[in-house]
Enquirer: 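Dropping the structure in here first, questions after.
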Amino acid sequence: MKGVDHLAHERNKTEFDVDAMKIVWAGSRHAFELSDRMARLVASDPAFQKDGRIRLGRKELFKNTLRKAAHAWKRILELHLTEEEAGWLRNFVDEPSFTDLHWGMFVPAIKGQGTDEQQQKWLPLAYKMQIIGSYAQTELGHGSNVQGLETTATFDPETDEFVIHSPTLTSSKWWPGGLGKVSTHAIVYARLITNGQEHGVHGFIVQLRSLDDHMPIPGITIGDIGMKFGNGAYNTMDNGVLTFDHIRIPRNQMLMRVLQVTREGKCVKSNVPRQLIYGTMVFVRQTIVADASTALARAVCIATRYSAVRRQFGSQDGGMETQVIDYKTQQSRLFPLLASAYAFRFVGEWLKWLYTDVTQRLQANDFSILPEAHACTAGLKSLTTTATADAIEECRKLCGGHGYLCASGLPELFAVYVPACTYEGDNVVLLLQVARFLMKTVSQLGSGKKPVGTTAYLGRVQDLLQCCCDVQTAEDWLKPSVVLEAFEARSARMCVARAQNLSKFENPEDGFAELSADLVEASVAHCQLIVVSKFIDKLQQDIPGKGVNRQLQNLCYIYALNLLHKYLGDFLSTGCITPKQASLANDQLRSLYSQIRPNAIALVDAFNYTDHYLGSVLGRYDGNVYPKLYEEAWKDPLNDSVVPDGYHEYIHPMLKQQLRNARL
Ligand SMILES: CCCCCCCCCCCCCCCCCCCCCCC/C=C/C(=O)SCCNC(=O)CCNC(=O)[C@H](O)C(C)(C)COP(=O)(O)OP(=O)(O)OC[C@H]1O[C@@H](n2cnc3c(N)ncnc32)[C@H](O)[C@@H]1OP(=O)(O)O
Ligand SMILES: Cc1cc2nc3c(=O)[nH]c(=O)nc-3n(C[C@H](O)[C@H](O)[C@H](O)COP(=O)(O)OP(=O)(O)OC[C@H]3O[C@@H](n4cnc5c(N)ncnc54)[C@H](O)[C@@H]3O)c2cc1C
């Protein structure tokens, strides 16, 4: 049987309506149609082809990205694409570029932190790309600790200007995307100083380059920070270094929604909380969660299709060998990742809803939900990006040796994805923020303050501390209430245990530092509970399509029971389940793998990824892996000549040398 026939055969086994699942995956029929249209538009445009990208040198690679960005912008204008359509287009072009920072951080920062006047002035320029913006927060010496930034913005009342200055080497801005070679402007985060007093870190709109000849404004030193991990990958982005030597900007270029500086240099606080200065990061963290499911689905799609094509062992009589997807070990590694892709999709959808809700409340001056929004975006960003980066690497291994070839698409996907664990907040630093939120919530339980939202279960902590799981058969693990209670009990017990340990310290900050590794574990448990509960919520919705709900149920239980198996120590040590019940969960998990198996190919087809987007010979829709892999090998520049460059200088003399030695 050929690879092509394998996948056709697999598709015949499908037990559910794939087209209906495509709509569930996309979020709505509208989103499906729109994303499908944009995917095809990009795939059919030769200007967006990606073949050979990994072989380009840095300069060529970067120029190629500039060309694609200009072409994308031209198409966006020609076709009058909406913001939503342009977002999908950017996704399928699949090349990090300065435009991400312009649209993803520069524009949102002005929207979130600028006054109405500032928005009116700057947004039209940014929307038309008459200026190109970056987000310059991180410095050479300070990234996670935003309050530790060193760049200064000192108000000069004589001229009604701020003087932006980099006082030390470590205060050099370092990392901002788009800054190195493209941006004309940036939101620069700096310590505000007026009348000799410091007022914390704020954002300032600073022009960096001339709009006529692109030369840096005098007093500004600017460039790229150098090659990053992997070929191609994130090297399409010009992450930059920037220093200021007493650069002057008008007073009205400080983003003043949170704090105003008057003509006299007086600081006037608005009713908006200081944390809104961090609002752009909350927005981007939310988008990163949705992107995690996209990247994970891509790796899983490649590994699943290839696992159905690849055969090893098991042929007794010269017949066909076993498809590797039929090995239980392959299933136990692959199917939880498939389930995670769906789980992250739904939690991403929910987080988008939460973010929209928070934005509306903020506009109505209701800031009560801000801590919850911060904890959810920080925690879920951390959980989903860590899991996705690990999963891409696991998918590479699931594809054996061929997974290590760039033609599999997995090395580049890993290289481009893995910094998501660091940017927009290091994942451990973010989990510590969640831990603070959880410990605060637990400490307030005694005062009668009822926890709400994702921590509402902590309001039932007494019950959860005592509850005993009543699973008696493997099938009992297929009840949403049973799974939810197990996850709630585990998380509640871990939080309470950490809070009790913290209370033993005289100084809570000392305790927090000492117990931080344990606290991070509690945060992970809490975030996993959120993902499980949002997946269960999804199952309660009326989902049309033959067999679709059944598949989602199977995936949901695979996601939850695999976590239970992986983190068994937590569940057993907090006493919410017994070893016997854990063993039953594992039995159920194996049964679920068997049920998913005939549907696996259709479940990845439901992602609706084009071959262009997947960029993988192993993950081709038609399964025609071997002929295409063979073809691909011959495209390598090393195969341009039969005898390689360097033969006459190095190989030939060596061979002759050996010959002489042999004669001696
Ligand atoms: C070629 C292709 C072309 C295509 C072209 C197409 C064009 C068109 C396209 C159109 C569509 C585009 C779509 C755009 C897509 C967007 C994609 C985006 C991609 C993004 C790329 C990423 C690049 C990376 C950027 C960055 O990394 S920016 C820098 C990020 N930095 C960080 O994250 C730093 C981390 N540190 C912190 O966040 C904080 O300092 C901290 C959380 C660690 C807190 O520190 P600290 O303890 O010091 O706390 P504070 O004293 O400051 O504050 C304490 C209290 O405040 C609360 N808190 C903290 N943070 C927040 C918050 N964010 N919100 C609310 N509250 C917050 C704390 O909890 C404390 O509260 P308490 O006092 O009650 O305890
Ligand atoms: C590809 C990429 C793109 C980026 N784009 C931008 C951009 O556009 N604009 C921008 O401003 N920045 C950008 N950044 C910077 C990014 O936001 C920071 O790198 C990130 O916030 C992490 O900060 P750091 O590098 O200072 O790490 P560090 O904080 O130095 O982390 C180093 C180690 O210390 C640990 N650590 C730090 N603090 C604590 C703590 N309190 N407790 C326990 N452990 C701790 C971390 O877990 C980590 O293991 C980008 C980074 C990358 C990699």
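Just follow the structure's listing: the first ligand is 1, and inside any ligand the first atom is 1.
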Enquirer: Quick one: do R436 and E509 make a salt bridge, cutoff under 4.0 Å?
Expert: yes
Enquirer: Do we see a donor-acceptor contact under 3.5 Å between the side chains of N64 and R67?
Expert: yes
Enquirer: Quick one: look up the protein heavy atom nearest atom 13 (C) of ligand 1 and list residue, atom name and how far away it is.
Expert: R90 CD, 4.0 Å
Enquirer: Is there a heavy atom in T287 that sits closer than 4.0 Å to ligand 1?
Expert: no
Enquirer: Would you say W103 and ligand 1 have an N/O pair spaced under 3.5 Å apart?
Expert: no
Enquirer: Please determine which of L208, L66, T65 meets the side chain to side chain contact (heavy atoms under 4.5 Å, CB included) test together with V182.
Expert: L66
Enquirer: Check ligand 1 against Y423 and write out every atom of the ligand that is under 4.0 Å from a heavy-atom position of the residue.
Expert: 22 (C), 24 (C), 27 (O)
Enquirer: Taking only heavy atoms of G425 into account, list the atoms of ligand 1 that are under 4.0 Å away from them.
Expert: 32 (C), 33 (O), 35 (C)
Enquirer: Side chain, backbone, both or neither: which applies to V428 and ligand 2 if a contact is any heavy-atom pair less than 4.0 Å apart?
Expert: side chain
Enquirer: For E424 and ligand 1, does the shortest N/O to N/O distance drop below 3.5 Å?
Expert: yes
Enquirer: Which residue and atom name correspond to the protein heavy atom nearest atom 29 (O) of ligand 2, and how close is it?
Expert: S144 OG, 2.5 Å
Enquirer: Would you call the rings of F106 and H102 parallel, tilted or perpendicular, where under 30° means parallel and over 60° means perpendicular?
Expert: parallel
Enquirer: For ligand 1, is there an N or O atom under 3.5 Å from any N or O atom of R285?
Expert: yes
Enquirer: Looking only at heavy atoms, is any part of S144 under 4.0 Å from ligand 1, and if so is it the side chain, the backbone, or both, or is it neither?
Expert: backbone
Enquirer: With distance as the sole criterion, is a donor-acceptor pair present between the side chains of R345 and S293 under 3.5 Å?
Expert: yes
Enquirer: Can you tell which part of W175 has a heavy atom less than 4.0 Å from ligand 1: side chain, backbone, both or neither?
Expert: neither
Enquirer: With a cut-off of 4.0 Å, which atoms of ligand 1 are near a heavy atom of M105?
Expert: 25 (C), 28 (S)
Enquirer: Does ligand 2 have a heavy atom under 4.0 Å from the side chain of N239, from its backbone, from both, or from neither?
Expert: side chain
Enquirer: Thinking salt bridges, do E78 and R75 make one under a 4.0 Å N-O criterion?
Expert: yes
Enquirer: To which protein heavy atom is atom 49 (O) of ligand 1 closest, and what is the distance rounded to 0.1 Å?
Expert: Y278 OH, 4.5 Å
Enquirer: With backbone taken as N, CA, C and O and side chain as the heavy atoms from C-beta onward, which portion of T99 lies under 4.0 Å from ligand 1: side chain, backbone, both, or neither?
Expert: side chain
Enquirer: Please check whether Q433 reaches ligand 1 - meaning an N/O of the residue sits under 3.5 Å from an N/O of the ligand, judged on distance alone.
Expert: yes
Enquirer: Is atom 51 (O) of ligand 1 touching the protein, meaning some protein heavy atom lies under 4.0 Å away?
Expert: yes
Enquirer: Closest approach of F92 and V42, non-hydrogen atoms and distance?
Expert: O-CG1, 3.7 Å
Enquirer: Can you check which of V429, T422, L179 brings a heavy atom nearest to atom 20 (C) of ligand 2?
Expert: T422
Enquirer: Show which atoms of ligand 1 fall inside a sub-4.0 Å distance from at least one heavy-atom site of A72.
Expert: 4 (C), 5 (C)
Enquirer: Decide, yes or no, whether a salt bridge links E60 with K63 under the criterion of side-chain N to carboxylate O below 4.0 Å.
Expert: no
Enquirer: Should one rank Y189, F229, Y423, Y135 by closest heavy-atom distance to atom 2 (C) of ligand 2, which comes out on top?
Expert: Y423
Enquirer: Students should be able to answer this: which protein heavy-atom is nearest to atom 32 (C) of ligand 1, and at what distance?
Expert: M281 SD, 3.3 Å
Enquirer: Below 4.0 Å, non-hydrogen atoms only: which portion of L432 touches ligand 2? Side chain, backbone, both or neither.
Expert: side chain
Enquirer: Would you say the side chains of T454 and E372 form a donor-acceptor pair under 3.5 Å?
Expert: yes
Enquirer: Should you measure from each heavy atom of G104, which atoms of ligand 1 turn up under 4.0 Å away?
Expert: 14 (C), 16 (C)
Enquirer: Return yes when A69 approaches ligand 1 closer than 4.0 angstrom through a heavy atom, no otherwise.
Expert: yes
Enquirer: So if I count the atoms of ligand 2 from 1 in the order they appear, which ones are less than 4.0 Å from some heavy atom of Y234?
Expert: 1 (C)
Enquirer: Got the closest protein heavy atom to atom 52 (C) of ligand 2, with its distance?
Expert: W175 CE3, 3.6 Å
Enquirer: Taking only heavy atoms of V429, which atoms of ligand 1 are found under 4.0 Å from at least one of them?
Expert: 43 (C)
Enquirer: Should the proximity of P419 to ligand 2, defined as any heavy atom under 4.0 Å, be assigned to the side chain, the backbone, both, or neither?
Expert: side chain
Enquirer: Looking only at heavy atoms of E83, does any of them come nearer than 4.0 Å to an atom of ligand 1?
Expert: no
Enquirer: Who's the nearest protein heavy-atom neighbour of atom 48 (C) of ligand 2, and how far?
Expert: D426 OD1, 3.6 Å
Enquirer: Does T236 come within less than 4.0 angstrom of ligand 1, counting non-hydrogen atoms of the residue?
Expert: no
Enquirer: Please state whether R274 comes within less than 4.0 angstrom of ligand 1, counting heavy atoms only.
Expert: yes
Enquirer: For atom 73 (O) of ligand 1, what's the nearest protein heavy atom and its distance?
Expert: K440 NZ, 4.4 Å
Enquirer: Atom 10 (C) of ligand 2: which protein heavy atom is closest, and how many Å away?
Expert: T138 OG1, 3.3 Å
Enquirer: Taking 4.0 angstrom as the limit and counting only heavy atoms of G143, give me the atoms of ligand 1 inside it, by number and element.
Expert: 34 (C)
Enquirer: Can you see which heavy atom on P108 is nearest to which on W103, and at what distance?
Expert: CD-O, 3.2 Å
Enquirer: Should you measure from each heavy atom of V93, which atoms of ligand 1 turn up under 4.0 Å away?
Expert: 2 (C)
Enquirer: To which protein heavy atom is atom 31 (N) of ligand 1 closest, and what is the distance rounded to 0.1 Å?
Expert: Q137 NE2, 3.2 Å
Enquirer: Starting from atom 21 (C) of ligand 1, find the nearest protein heavy-atom neighbour and note its residue, name and distance.
Expert: Y234 OH, 4.1 Å
Enquirer: Report yes if Y135 has an N/O atom closer than 3.5 Å to an N/O atom of ligand 1; otherwise report no.
Expert: no
Enquirer: Going by atom types alone, do S35 and N608 pair a side-chain donor with an acceptor below 3.5 Å?
Expert: no
